[in-house]
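What follows is a short report on a single structure.
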Amino acid sequence: MPELPEVETVKETLKRKLINKVIEDVNVYYERIIEFPDVESFKKMIKNQKIKDINRRGKWLIFELDDYYLLSHLRMEGKYIYRKVSEPLSKHEHVSFNIGNDTELRYMDTRKFGKMHLVIKEDLLTRKPISELGLEPWDKDLNISYLKNKYKNKKLPIKTVILDQSIIVGIGNIYADEILFLSKINPYKKASELSNDQLLNIIKYTKFVLEKAIKLGGTTIKSYESSEGVHGKFQNELLIHGKQKEECPNCNDIIIKVKIGGRGTYYCPTCQKDSN
DNA sequence: GTGCATACCTGAATGC
DNA sequence: TGCATTCAGGTATGCA
């Protein structure tokens, strides 16, 4: 399940092999992956473009080409793999980029949730999806007054609001639980009712958790590998997520699992009391 | 603008 | 054993 740390890991591994490669051709086997523009235009535009750099914004991978940016969101299970051109397509490979030397970069996604956009360079910051994104966790503008302002009308539980990519980017369901646990905040607490100290903790532990996860190469849950053979190690460090019925590492009370905003949510009823 | 439900997908786990 | 149901989860969209 790629969240920001996984995408960061993928970006770094892709960079090593793809910089200065030319996309000689592209095949799209499942058209819904291509969100913008239409598939025919996408194929025409991307042909013969060189990959100059690869960056990340939130959970989006940004391939800088000669004339465009290719944006790729892995959603839950997307990954990139390298294959010989002659190698038969496996069931879950939906887009392939021929990068020369008999090699293809293939986009693989069991659940077909991933999306790609191809935008002209000057449009990157002004059109969706990049224009809708909030601050990176390390942005110097991420402070109490920013969060106070963004949260002031949010009557939804903080668990839901912390996942809102238009406020802070990169936090997914797993890290949301970890951040709230470390911040000792009850996941049901309304975002608008958080104290300054609690907002400060969210900022502090968002950075802490994501930095640590990046260092460890992300989290490998179920079958997710960020790239072929790349397994994250952060799952060994998870304190609360997925630990239903186990003891809280802090107070030894039993961790419970609930559903908030449709998301599986793990928390410690003692460390993260209702009043918090 | 806000909050909620639903759609998009597949495969694994669970229930009967 | 086999079939049906539930769950996992990021984001877009439509509706009240």
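Predicted, not measured: the structure shown is a model, and the values here were computed from it.
The listed nucleotides are dG3(B), dG10(C), dC7(C); the one nearest the side chain of N173(A) is dG10(C). Closest to the side chain of K112(A), out of dT10(B), dC8(B), dC7(C), is dT10(B). For K128(A), taking side-chain heavy atoms from C-beta onward, the closest of the listed nucleotides dG11(B), dT13(C), dT11(C) is dT13(C). Listed nucleotides: dT10(B), dG10(C), dC8(B). Nearest to the side chain of T110(A): dT10(B). Among dC4(B), dG11(B), dT11(C), the nucleotide with an atom closest to any side-chain atom of R263(A) is dT11(C).
Remark: ring of F113(A) not stacked against base of dT11(C); the cut-offs of centroid gap under 5.5 Å and plane tilt under 30° are not jointly satisfied.
In plain terms, the two heavy atoms of Y146(A) and I167(A) that are nearest each other are OH-O, 2.8 Å. Taking all atoms of both residues into account, the shortest heavy-atom contact from T126(A) to S131(A) is C-CB, 3.7 Å. The nearest pair of heavy atoms linking H241(A) to E178(A) is N-OE2, 2.9 Å. Considering all non-hydrogen atoms of both residues, I54(A) and I19(A) come closest at N-CD1, 4.1 Å.
The distance between atom CZ of R57(A) and atom P of dT11(C), rounded to the nearest whole Å, is 12 Å. Between the NZ atom of K154(A) and the C1' atom of dC4(B) there is a distance of 13 Å, given to the nearest Å. Atom pair L163(A):CG and dT11(C):P shows a separation of 9 Å (rounding to whole Å applied). Between the CG atom of L74(A) and the P atom of dA8(C) there is a distance of 21 Å, rounded to whole Å. Rounded to whole Å, the distance from NZ on K259(A) to P on dA8(C) is 5 Å. Separating the CG atom of L61(A) from the P atom of dT11(C) is a distance of 13 Å, rounded to the nearest angstrom. The nearest whole Å value for the distance from the OH atom in Y266(A) to the C1' atom in dC7(C) is 10 Å. In this structure, E3(A) places its CD atom 14 Å from P of dA8(C), rounding to the nearest Å.
Pairing partner, dG14(C): dC4(B), with both Watson-Crick or wobble hydrogen-bond distances short of 3.5 Å.
Remark: Q165(A) is in phosphate contact with dT11(C), judged by side-chain N or O atoms under 4.0 Å from OP1 or OP2. Between K115(A) and dG10(C) there is no side-chain N or O to OP1 or OP2 distance below 4.0 Å. Residue H73(A) has no polar side-chain atom (N or O) positioned under 4.0 Å from OP1 or OP2 of dG10(C). Between H92(A) and dG11(B), a side-chain N or O to OP1/OP2 separation shorter than 4.0 Å is present.
Mapping E35(A) and K257(A) onto DNA chain C by nearest heavy atom places K257(A) closer to the 5' end of the strand. Of the two residues contacting DNA chain B, namely K155(A) and K91(A), the nearest-nucleotide position lying further toward the 5' end is that of K155(A).
Judged by a 6.0 Å distance limit and a 45° cone about the ring axis, K159(A) is not positioned over the six-membered ring of Y188(A). Taking the ring centre of F36(A) as origin, the terminal cationic atom of R127(A) falls inside the region bounded by 6.0 Å and 45° from the ring axis.
Residue G261(A) is out of contact with every strand shown, counting any heavy-atom pair closer than 4.0 Å. Using a 4.0 Å heavy-atom criterion, one finds that N153(A) contacts the sugar-phosphate atoms exclusively.
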